[in-house]
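Inspection log for the structure reproduced underneath, given as structure tokens.
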Amino acid sequence: MEAEVCIVGAGAAGGIMALELGRLGVSVVVLESGPRHDFAERRQYVRKYLRRENPWQSPLEGQDRHTIGGRVAYGLEGRRARGVGGSTLHWEGYALRFTAGDFRMRSQHGIADDWPITYDDLEPYYARAEAALGVAGASDDSSASPRSSPFPLPAFPFSYSDGFFARACSTLGIGFHHLPQARNSVAYGGRSQCLACSTCHVCPTGAKASTDLTHIPAAEATGKVRVLTEASVLRLEIDRAGAISTAVYAGPDRVERRLTAKIFVLAAGAVENVRLLLLSRSADFPDGLANRSGLVGKLFMSHPSVDAIGRVKDNAYPYRIGFSTAMSRQFAVDGDRSTRGAFLLEFLNSAGPKPGEIAVASRLTGGALRRQVQEEFGRRLGIRIYCEQLPDRANSVSLNPRVRDYFGSAAPHITYRIGPYERSALDEGKKVAARILESVGATYVGATPLSPAAHQIGTHRMGADPRTSVVDLNLRAHDVPNLYLVGSGCFVTATASPPTLTIAALAIRAAEHIAAEMASAKRSG
Ligand SMILES: Cc1cc2nc3c(=O)[nH]c(=O)nc-3n(C[C@H](O)[C@H](O)[C@H](O)COP(=O)(O)OP(=O)(O)OC[C@H]3O[C@@H](n4cnc5c(N)ncnc54)[C@H](O)[C@@H]3O)c2cc1C
Ligand code: SF4
């Protein structure tokens with residue numbers, strides 16, 4: 001098979017690039033390792049999810065296999081998804097822009113590195129990404145950087161329990177505002193309004209944006225984009241000129257097939273992009289494709305996170321909304337980020353045990369059980385703290401040749417730890433959260449154990465210098481002229497904000513660049 005552009009992965013970045021390139025008249029084949037999850041099956045998927053099964057894992061035995069090392073366990077179960085839509089099938093949908101300062105850590109705080117682009121460079125692409133994903137929000141975050149257009153959808157109203165936090169933040173002088181999210185507060189993009197059914201990791205209505213709904217059907221409708229599912233790319237091969245000529249892929253039958261293209265885009269996520277590069281070693285690239293810098297797989301980051309919990313006397317009525325509606329970004333922009341990480345506060349609408357969990361833990365029966373559930377349920381308020389993580393060479397994605405996946409390829413190995421920079425951010429976040437909880441009259445109960453977010457960042461960073469980065473500011477690999485690496489692997493720093501809106505904005509920008517390069521190549525014959 002042949003295409004002008006081959007995209008590996010139909011998740012956030014791959015789905016968005018496919019639509020942009022298709023609209024710009026470029027012929028694209030997308031190779032997606034997972035299946036096409038039929039929307040009509042979503043109710044069955046919700047049932048599975050409620051039984052604590054993960055419907056988004058690979059159906060192929062061992063395909064998601066990976067190993068973990070380092071002082072903090074970073075496992076990938078539940079932290080990524082396979083299939084058309086990728087991890088946006090499973091994501092929460094929080095869609096924040098980074099701030100202008102997030103791109104300037106070295107210049108402003110003397111730490112980590114600056115990005116090779118600025119907020120202003122990305123701003124128009126943020127606006128396009130928000131429109132495509134349908135982001136609901138309000139311009140009430142005083143720490144946000146300037147916007148050229150309003151949010152496409154109105155914000156979700158604050159919840160009942162947000163009222164407690166709003167009053168406390170007002171008393172303490174802490175910023176409190178809506179949480180922008182790619183979820184329909186009103187019907188939008190041919191998708192339903194959110195029905196507040198609270199199973200957002202499997203949305204049965206399509207109100208939560210996922211690229212299987214927002215991008216792939218429109219991409220295919222351009223007539224330029226073809227999506228092959230259950231097509232796992234095993235390696236990329238280069239020609240004598242040092243460009244990639246072929247993607248070798250296989251389906252469940254394990255038979256190898258080949259796709260040739262002019263340009264290849266890896267959009268398989270920050271872990272699988274690295275694995276593919278390392279699996280594509282050759283005489284020209286003995287340490288892995290596009291890895292002359294030695295940085296492929298290095299500087300892995302996430303967002304270390306904990307929940308601070310308080311107990312209240314009156315019912316806070318949690319679990320009526322499956323997602324959070326309010327946050328504070330004040331501590332993600334202020335403060336001296338040279339010594340401790342920035343952090344976000346997410347005010348939870350679902351804190352504390354559910355009735356069934358209270359009942360099981362109580363070991364009571366009859367009237368005593370009923371009273372216990374009535375007295376205990378709804379008496380918790382929670383604040384989630386997400387902190388910024390510094391790039392650290394000890395954190396990495398590598399290959400584990402002793403463990404093999406369904407196709408016999410070496411599995412990814414994640415090495416992860418957090419240091420004093422992150423720990424002091426979490427400690428400071430817990431102090432702020434405890435003050436807020438105490439101000440609403442709650443007794444501070446404590447914090448949950450550390451749990452890094454489902455965000456994988458920084459494994460093939462962008463930069464101007466090929467010695468200190470893997471891709472350039474257009475996400476083209478420094479070492480291979482027809483290879484692009486998209487997704488949060490190309491981020492220079494993690495910031496405290498979730499990554500996907502920035503992934504989307506960068507993907508639109510990279511697609512424009514590829515289409516312009518192809519048009520220029522055609523003109524020059
Ligand atoms: C539970 C959960 C909650 C989250 N919540 C948020 C949130 O609120 N806000 C936010 O910003 N982010 C959130 N995220 C993260 C967000 O989903 C990711 O940042 C985003 O989807 C990454 O986009 P991507 O295109 O790089 O990778 P993905 O969306 O993961 O897509 C990669 C695709 O590549 C495919 N693939 C992998 N290997 C191969 C191969 N060898 N051959 C072919 N195809 C391959 C995969 O099957 C997948 O479909 C969440 C993630 C999870 C799991
Ligand atoms: S609460 Fe809204 S976004 Fe979440 S699953 Fe229900 S309809 Fe979808």
Tell me, with the steps shown, if F491 and F103 meet ring pair (Phe, Tyr, Trp, His ring centres under 6.0 Å). CA-CA 10 Å; F491 291 9; F103 295 86; 8.8 Å; no
Worked verdict on V486 versus I503 for side-chain contact (heavy atoms from CB on, under 4.5 Å): CA-CA 7 Å; V486 296; I503 293 176; over 6 Å; no
For H455 and S302, what are the C-alpha separation, side-chain angles and deciding distance, and is it a side-chain hydrogen bond (donor to acceptor under 3.5 Å, both in side chains)? CA-CA 5 Å; H455 310 150; S302 184; 5.3 Å; no
Determine, stepwise, if the pair L96 / L344 fulfils side-chain contact (heavy atoms from CB on, under 4.5 Å). CA-CA 11 Å; L96 277 72; L344 288 185; 4.3 Å; yes
Is there a salt bridge (Lys or Arg N to Asp or Glu O under 4.0 Å) between D121 and R509 once you walk through the steps? CA-CA 10 Å; D121 294 330; R509 191 171 174 277; 5.3 Å; no
Please step through salt bridge (Lys or Arg N to Asp or Glu O under 4.0 Å) for the pair R275 and E272, ending with a clear verdict. CA-CA 5 Å; R275 186 156 80 113; E272 295 299 330; 2.9 Å; yes
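Side chains of S324 and E346: a donor-acceptor N/O pair is present below 3.5 angstrom, by distance only. Side-chain N/O atoms of S159 and D162 include a donor and acceptor closer than 3.5 Å. Judged by distance alone, the side chains of D141 and S143 do bring a donor and an acceptor atom under 3.5 Å apart. When only modelled atom types and interatomic distance are considered, D64 and S58 share no side-chain donor-acceptor pair under 3.5 Å. A donor-acceptor pair shorter than 3.5 Å cannot be found between the side chains of S192 and N184. Side-chain contact annotation: W91 with S210, donor-acceptor N/O pair under 3.5 Å absent. With no hydrogens or angles considered, a side-chain donor-acceptor pair links Q456 and Y74 at under 3.5 Å.
Residues that satisfy the salt bridge (charged side-chain N to carboxylate O under 4.0 Å, His left out) test with E92, not counting sequence neighbours, are R183. For E512, the side chain to side chain donor-acceptor pair (under 3.5 Å) partners are Y125, R128, not counting sequence neighbours. With sequence neighbours excluded, the residues forming a ring pair (Phe, Tyr, Trp, His ring centres under 6.0 Å) with F343 are F331, listed by chain and number. S107 meets the side-chain contact (heavy atoms from CB on, under 4.5 Å) test with R104, D114; sequence neighbours excluded. By the ring pair (Phe, Tyr, Trp, His ring centres under 6.0 Å) test, Y119 pairs with Y126, sequence neighbours left out.
A salt bridge is defined here as a Lys NZ or Arg NE, NH1 or NH2 lying under 4.0 Å from an Asp or Glu carboxylate O, and R36 with D212 fails to meet this definition. Salt-bridge formation is not detected for the pair R82/E32: no Lys NZ or Arg NE/NH1/NH2 atom is positioned less than 4.0 Å from an Asp or Glu carboxylate oxygen. A salt bridge links E376 and R311; the closest N-O separation between the charged side-chain nitrogens and carboxylate oxygens is under 4.0 Å. Ion pairing between a basic and an acidic side chain is recognised when a charged N comes within 4.0 Å of a carboxylate O; R97 and D102 show no such pairing. By the 4.0 Å N-to-carboxylate-O rule, E123 lies too far from R147 to be salt-bridged with it.
With a 4.5 Å cut-off on side-chain heavy atoms, R340 and E428 count as touching. Between I111 and R106 the shortest side-chain heavy-atom distance does not fall below 4.5 Å. In this structure the side chain of T88 never reaches within 4.5 angstrom of the side chain of L133, judged on heavy atoms. I418 is listed as a side-chain neighbour of Q389, based on a closest heavy-atom distance under 4.5 Å. Using a 4.5 Å heavy-atom cutoff, the side chains of S469 and M462 are not in contact. You'll find the side chain of P55 reaches within 4.5 Å of the side chain of V202, heavy atoms only. Annotation: side chain of L266 is not in contact with side chain of Y484 (no heavy-atom distance under 4.5 Å). Considering only heavy atoms from C-beta on, Y386 stays 4.5 Å or farther from L345 through its side chain.
Side-chain atoms of E388 come within 3.5 Å of backbone atoms of A342 as a donor-acceptor pair (strictly under, hydrogens ignored). At least one donor-acceptor pair under 3.5 Å links the side chain of S328 to the backbone N or O of G175. Proximity of a side-chain donor or acceptor of N273 to a complementary backbone N or O of A270 within less than 3.5 Å is not detected. Between the side chain of T211 and the main chain of T214, no donor-acceptor pair closer than 3.5 Å is present. Between the S424 side chain and the P420 main chain, a donor and an acceptor come within less than 3.5 Å of each other. Of the possible polar contacts, none joining the S396 side chain to the S398 backbone as a donor-acceptor pair under 3.5 Å is found. Proximity of a side-chain donor or acceptor of T448 to a complementary backbone N or O of D307 within less than 3.5 Å is detected. In terms of modelled atom types and a separation under 3.5 Å, the side chain of W56 and the main chain of G78 share no donor-acceptor contact. Side-chain atoms of K208 come within 3.5 Å of backbone N or O of L89 as a donor-acceptor pair. No donor-acceptor pair closer than 3.5 Å links the side chain of S350 to the backbone N or O of Y319.
Among all heavy-atom pairs drawn from A18 and V30, the shortest one is CB-CG2, 3.9 Å. Among all heavy-atom pairs drawn from L348 and S161, the shortest one is O-OG, 3.9 Å. The two residues P355 and V373 come nearest to each other via the heavy atoms CB-CG1, 3.9 Å.
Of the inter-residue distances, the one linking N315 atom CG with E375 atom CD reads 12.0 Å to the nearest 0.5 angstrom.
Around CG of D38, the count of heavy atoms belonging to other residues, nucleotides or ligands within 6.0 Å exceeds 12.
Seen from the ring of Y416, R71 does not count as a face-on cation partner, given the 6.0 Å and 45° thresholds.
Sorted by first then second residue, the ring pair (Phe, Tyr, Trp, His ring centres under 6.0 Å) pairs that include residues 140-164, not counting sequence neighbours, are F156-F323, F158-F176, F158-H178, Y160-F164, Y160-Y317.
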